[in-house]
There are 2 protein chains.
Amino acid sequence: MTAVTIQCCPPLIRGPLSEQDAVDLAALLKAVADPVRLRLLSMIGSHEGGEACVCDLTDAFDLTAPTISHHLKVLRTAGLIDGERRGTWVYYRVIPETVARLSAIFTPMADSVRQA
Amino acid sequence: MTAVTIQCCPPLIRGPLSEQDAVDLAALLKAVADPVRLRLLSMIGSHEGGEACVCDLTDAFDLTAPTISHHLKVLRTAGLIDGERRGTWVYYRVIPETVARLSAIFTPMADSVRQA
DNA sequence: GTATTACTTAGACAGTCTTCTAACCAAGGT
DNA sequence: ACCTTGGTTAGAAGACTGTCTAAGTAATAC
């Protein structure tokens with residue numbers, strides 16, 4: 001009755017997500033479920049040297065500095081980026097491990113939905 | 001100056017996300033950035049036959065039927081699932097193409113952050 | 001020290017989201 | 001025809017979010 005796909009380890013398909021896992025993953029997803037934060041993450045990750053100064057980030061948006069700071073804090077709290085002050089400026093970089101968690105949620109699911 | 005990774009096509013790393021892309025992806029992410037909707041998607045996707053009846057889904061939560069219906073609508077509007085009535089019951093199934101879009105956002109990023 | 005620039009924190013306000021109850025449509029069984 | 005079960009729609013209440021202004025801290029320049 002229950003046919004199983006050969007492909008390995010689909011997180012969402014393998015079995016119903018536990019309530020706790022769902023809460024954890026949803027919190028992580030919520031951190032990136034915003035256009036500004038997505039672009040911030042993208043700008044930091046794609047910046048040369050793997051890090052970007054807050055001053056560069058702020059200039060790229062039609063938003064005030066406190067708003068950008070708020071979004072950076074959300075990303076930081078979620079463990080997606082880490083910031084460090086060096087002299088006058090604060091530099092942020094992506095934490096790949098956390099992005100990997102995001103990446104792992106859906107990746108195997110796309111083409112391995114169970115068949116009857 | 002700008003070292004580039006050999007790995008192909010990292011969506012968020014390749015270059016800064018356009019404003020429009022960010023808005024689109026954020027809308028998709030927002031649809032799954034909720035514990036209940038994540039579990040719903042997981043339950044539908046992992047259910048035998050690749051589809052699940054709303055009645056099964058509703059019973060699995062301590063939430064009222066209208067609330068589940070609302071969450072299903074959000075997933076449906078985002079293009080992540082599709083529903084069909086067959087006789088008495090309504091069955092939902094995952095739309096793999098849309099899940100693939102989600103999967104494509106972060107997958108290559110995890111271990112390909114630019115180096116200096 | 002004072003001023004200036006870079007960034008964060010605190011508080012307020014408008015908009016959005018999650019949930020509920022109540023009411024409605026759809027299909028089947030008597 | 002009626003009732004029951006399954007599911008959606010409509011509207012409302014409370015919590016949460018994104019944005020701002022105002023005020024605070026940190027580091028450099030004079």
Side-chain angles (χ1 to χ4, degrees), chain A residues 17 19 22-44 47 51-93, chain B residues 17 19-20 22-44 47 49 51-93:
Chain A
L17 222 51
E19 191 167 346
V23 169
D24 293 346
L25 291 178
L28 193 54
L29 285 166
K30 219 183 293 187
V32 291
D34 177 277
V36 175
R37 290 197 290 271
L38 262 188
R39 289 183 67 200
L40 283 172
L41 195 61
S42 165
M43 292 172 94
I44 296 170
H47 203 272
E51 62 183 15
C53 168
V54 175
C55 53
D56 297 331
L57 302 173
T58 303
D59 291 350
F61 294 87
D62 264 348
L63 295 169
T64 63
T67 298
I68 298 299
S69 196
H70 159 72
H71 285 300
L72 288 171
K73 185 176 189 175
V74 173
L75 290 173
R76 195 168 359 109
T77 302
L80 283 160
I81 60 174
D82 195 23
E84 180 197 2
R85 167 159 234 138
R86 285 205 301 276
T88 307
W89 294 283
V90 174
Y91 297 89
Y92 278 97
R93 54 174 56 249
Chain B
L17 224 49
E19 191 165 346
Q20 188 55 57
V23 169
D24 292 346
L25 291 177
L28 193 54
L29 285 165
K30 217 183 291 187
V32 291
D34 176 278
V36 175
R37 290 198 288 272
L38 261 189
R39 289 182 69 199
L40 283 172
L41 195 63
S42 165
M43 293 173 93
I44 296 170
H47 204 273
E51 62 182 14
C53 169
V54 175
C55 54
D56 297 332
L57 303 173
T58 304
D59 290 352
F61 294 87
D62 264 348
L63 295 169
T64 63
T67 298
I68 299 299
S69 194
H70 160 71
H71 284 300
L72 288 171
K73 186 176 189 175
V74 173
L75 290 172
R76 195 168 0 108
T77 302
L80 284 160
I81 59 174
D82 194 23
E84 181 198 1
R85 166 160 234 138
R86 285 205 301 277
T88 307
W89 294 281
V90 174
Y91 296 89
Y92 279 97
R93 54 175 55 249

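A, B, ... follow the sequence lines: proteins, then strands. Residue 1 opens every chain. Scope of the values below: all heavy atoms of this structure, side chains included, with no hydrogens, waters or symmetry mates.
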Participant: Could you state the CG-C1' distance from A/Asp62 to D/dG18, rounded to the nearest angstrom?
Facilitator: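 Rounded to the whole Å, the gap is 15 Å.
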Participant: Round to a whole Å and report the spacing from CG of A/Leu57 to P of C/dT8.
Facilitator: 10 Å
Participant: Does anything in residues 66-74 of chain A come within less than 4.0 Å of DNA chain D? Heavy atoms only, and list the residues if so.
Facilitator: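 A/Pro66, A/Thr67, A/His70, A/His71, in order of number.
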Participant: Measure from CG on A/Leu75 to C1' on D/dG18 and round the result to the nearest Å.
Facilitator: 14 Å
Participant: Could you give me the CA-CA distance, side-chain angles and deciding distance for A/Leu57 and A/Leu72, then say whether side chain to side chain contact (heavy atoms under 4.5 Å, CB included) is met?
Facilitator: CA-CA 10 Å; A/Leu57 302 173; A/Leu72 288 171; 4.1 Å; yes
Participant: Given side chain to side chain contact (heavy atoms under 4.5 Å, CB included), test A/Asp24 with A/Leu28 step by step and report yes or no.
Facilitator: CA-CA 6 Å; A/Asp24 293 346; A/Leu28 193 54; over 6 Å; no
Participant: Does A/Tyr91 have a side-chain nitrogen or oxygen under 4.0 Å from the phosphate oxygens OP1 or OP2 of C/dA6?
Facilitator: no
Participant: What is the distance, rounded to the nearest whole Å, between atom NZ of A/Lys30 and atom P of D/dC16?
Facilitator: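 Those two atoms, NZ and P, are 9 Å apart.
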Participant: Between A/Arg86 and A/Leu63, which residue's closest nucleotide on DNA chain D lies nearer the 5′ terminus?
Facilitator: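 The residue whose closest nucleotide sits nearer the 5' end is A/Leu63.
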Participant: Would you mind telling me which of D/dT19, D/dG18, D/dG7 lies closest to the side-chain atoms of A/Arg37?
Facilitator: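 For A/Arg37, the side-chain atoms sit closest to D/dG18.
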Participant: Does OP1 or OP2 of C/dT19 have a side-chain N or O of B/Thr64 closer than 4.0 Å?
Facilitator: no
Participant: I'd like to know if the side chain of B/Arg37 and the backbone of B/Ala31 have a donor-acceptor N/O pair within less than 3.5 Å.
Facilitator: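 Yes.
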Participant: Quick one: label B/Phe61 by what it contacts on the DNA or RNA (base, sugar-phosphate, nothing), any heavy atom closer than 4.0 Å.
Facilitator: nothing
Participant: Please state how far atom CZ in A/Arg39 lies from atom P in D/dG18, giving the value in whole angstrom units.
Facilitator: 16 Å
Participant: Quick check against the 3.5 Å criterion: does B/Thr58 have a side-chain atom that pairs as donor or acceptor with the backbone of B/Val54?
Facilitator: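 Yes.
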Participant: Grab the CD-C1' distance between B/Glu84 and C/dA26 for me, whole Å please.
Facilitator: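 It works out to 15 Å between those atoms.
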Participant: Should the pair A/Arg76 and A/Tyr92 be classed as cation-pi, given the thresholds of under 6.0 Å to the six-membered ring centre and 45° from the axis?
Facilitator: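 Pair A/Arg76/A/Tyr92 does not count as cation-pi.
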Participant: Look at B/Tyr92 and D/dT8 and indicate whether a side-chain polar atom (N or O) is within less than 4.0 Å of OP1 or OP2.
Facilitator: yes
Participant: Quick check for you: among D/dC20, C/dT8, D/dA26, whose closest atom lies nearest to any side-chain atom of A/Ala65?
Facilitator: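 Looking only at heavy atoms from C-beta outward on A/Ala65, the closest nucleotide is C/dT8.
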Participant: Donor-acceptor pair, distance only, cut-off 3.5 Å: does the side chain of B/Thr77 make one with the backbone of B/Lys73?
Facilitator: yes
Participant: Hey, is the main chain of A/Gly87 close enough, under 3.5 Å, to the side chain of A/Arg85 for a donor-acceptor pair?
Facilitator: yes
Participant: A/Trp89 has an atom CH2; how far is it from atom P of D/dA27, in whole Å?
Facilitator: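 Answer to the nearest Å: 14 Å.
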Participant: Can you tell me how far P of C/dT18 sits from CG of B/Asp34, to the nearest Å?
Facilitator: 5 Å
